[in-house]
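Take this structure, written in structure tokens, and hold onto it; I'll ask about it next.
Each ligand, and each atom within it, is numbered from 1 in the order the structure gives. Just so you know, residue 1 is the first one in the sequence shown, and it goes up from there.
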Amino acid sequence: MGIRVGLLGCGHVGSAVARMVRDHAEEVSIRAGTKVEIARVAVRNLSKERDVDLPPDVFTHEPHEVVRDPDIDVVVEVIGGIEPARSLILEALGQRKPVVTANKELLSTLGRELFEAAEKEGVDLLYEASVGGGIPLVRPLKQGLAGERIVKLMGIVNGTTNYVLTRMAEDALSLQDAVAEAQALGYAERDPTADIEGFDAAAKAAILAMIAFDTQVVAGDVYREGIAGISAQDIQYAKQLGYVVKLLAIAETQDGDVSVRVHPAMVPADHPLATVRHSFNAVVVEGQRVGSVMLYGRGAGGDPTATSVVGDLVEAVHNLREGTASHAPVTYQPRRIKPIDEIFSQYYILLSVDDRPGVLAAIAAAFADHQVSIKSVWQEGHGEEAQLVMITHRAGERELQACVHALRSLDPVRSVASVLRVEAEER
Ligand SMILES: NC(=O)c1ccc[n+]([C@@H]2O[C@H](COP(=O)([O-])OP(=O)(O)OC[C@H]3O[C@@H](n4cnc5c(N)ncnc54)[C@H](OP(=O)(O)O)[C@@H]3O)[C@@H](O)[C@H]2O)c1
């Protein structure tokens, strides 16, 4: 008789899921082992026109009705946000119905409650689409690398900011113009704050860290800086120095502790992540034995994201028929989340300074006082325009911040225009 799916939400992702299940019906049914049908769809506005070929009577504005319908076997949640998504997922799991979700916001805040509910009921809660849109990331991390010890993940997980930074670097657009263009192209929301300030990337970083390090990481644990402060000058100096500026999500483990952060950083122009342009995403996974693995592709958009949702759906249907659930959702090892001031990095610092003898010596002394060693320094401009462009050797974040604080109160330093981390092996 086949499996009947309740689709909660029919927006960008939901409508693409409905189209994919119809257009790829044969492949889906062969791989799932039975016919899969979108039997009911919950939306907010019943009179909205939708690009899906489904009879009008499958639509309802009562999502709980869909979850409770005894004829619905599997639930796909693509509404987004915390509520009602959370209650709907908990209710579906409570009825032992497998759930597929794309909801990074929910999983990165209240994921543990949901995973524990899934585990208790012995049903699937699958979430491939919550990170990296169409890029398979969750399954490779959880299954392909199940025997490996992951030491670090570093990636570009937000397409909007990557588009903006690419246009700034390659076509000299200002940040404002590049954001406006991203909005016009549909990459950025009308309110781009979640992307530009790094909230979206932080949610994804939390989910990736949770999987990679088997521990509880929520979005609030992620140190976060967005790209609003990146100037054309930073991008230009990065280029001169052989780097590219990217918004990075980084999760790493050291001595059992975990550090998770999202911030702009300079990466060497020959690093694989430097070649990830426009709205594309990529994550480099470093394992103890496998070395580096890079996963690259379209991190957002209805159709790419639907491939991840439908992939999960096929797995959920397959498991449901076998009377099993995929794998323990997450095991929560107790691990300390390292605060940002315990990390080590190289840094790029741009200073506006007085153009007179002795200035460099005073600045160098401030660096030495804080145990931050300068790798290179050069002066750009003269007189009122004088700037020092500096790169440090690897230093502690705490020491670096204390050094920057000292520089701000130093007489010949007119301003600390920028401080950016440099993610590179020291060369
Ligand atoms: N878009 C992407 O590229 C992308 C990529 C990866 C993950 N995701 C995740 O996928 C999820 C969906 O994103 P989206 O872009 O498809 O969002 P969207 O276009 O805004 O669609 C949301 C859908 O949910 C429906 N909805 C909202 N509140 C509802 C309620 N209370 N009851 C019933 N239906 C309700 C809306 O109904 P109406 O249509 O009637 O308004 C709409 O169909 C989010 O968790 C998002 O983070 C999206």
Nearest atoms (heavy-atom pairs only) where A118 meets L93: N-CD1, 3.9 Å

Do any nitrogen or oxygen atoms of ligand 1 lie under 3.5 Å from a protein nitrogen or oxygen, and which ones?
| residue | atom | partner | partner atom | Å |
| --- | --- | --- | --- | --- |
| ligand 1 | 3 (O) | G301 | N | 2.7 |
| ligand 1 | 15 (O) | H12 | ND1 | 3.4 |
| ligand 1 | 16 (O) | H12 | N | 3.2 |
| ligand 1 | 16 (O) | V13 | N | 2.8 |
| ligand 1 | 19 (O) | H12 | N | 2.9 |
| ligand 1 | 19 (O) | H12 | ND1 | 2.8 |
| ligand 1 | 34 (N) | R44 | N | 3.4 |
| ligand 1 | 37 (O) | R44 | N | 3.1 |
| ligand 1 | 39 (O) | K48 | NZ | 3.2 |
| ligand 1 | 39 (O) | R50 | NH1 | 2.8 |
| ligand 1 | 39 (O) | R50 | NH2 | 3.2 |
| ligand 1 | 40 (O) | R44 | N | 3.1 |
| ligand 1 | 40 (O) | N45 | N | 2.7 |
| ligand 1 | 40 (O) | R50 | NH2 | 2.8 |
| ligand 1 | 41 (O) | R44 | NH2 | 3.2 |
| ligand 1 | 41 (O) | K48 | NZ | 2.9 |
| ligand 1 | 43 (O) | C10 | N | 2.8 |
| ligand 1 | 43 (O) | G11 | N | 3.0 |
| ligand 1 | 47 (O) | K104 | NZ | 3.2 |

Flag, side chain of D200 to backbone of D195, donor-acceptor distance under 3.5 Å: no

Qualifying residues under ring-ring contact (aromatic ring centres under 6.0 Å, His included), relative to Y223, sequence neighbours excluded: none

Partner set under side-chain contact (heavy atoms from CB on, under 4.5 Å) for E423, not counting sequence neighbours: K152, M154, L248, I250, R261, A265, V267, S345

Mutual orientation of the aromatic rings belonging to H278 and Y163 [parallel < 30°, tilted 30-60°, perpendicular > 60°]: tilted

Under the salt bridge (Lys or Arg N to Asp or Glu O under 4.0 Å) test, residues paired with E113 that sit two or more places apart: R86

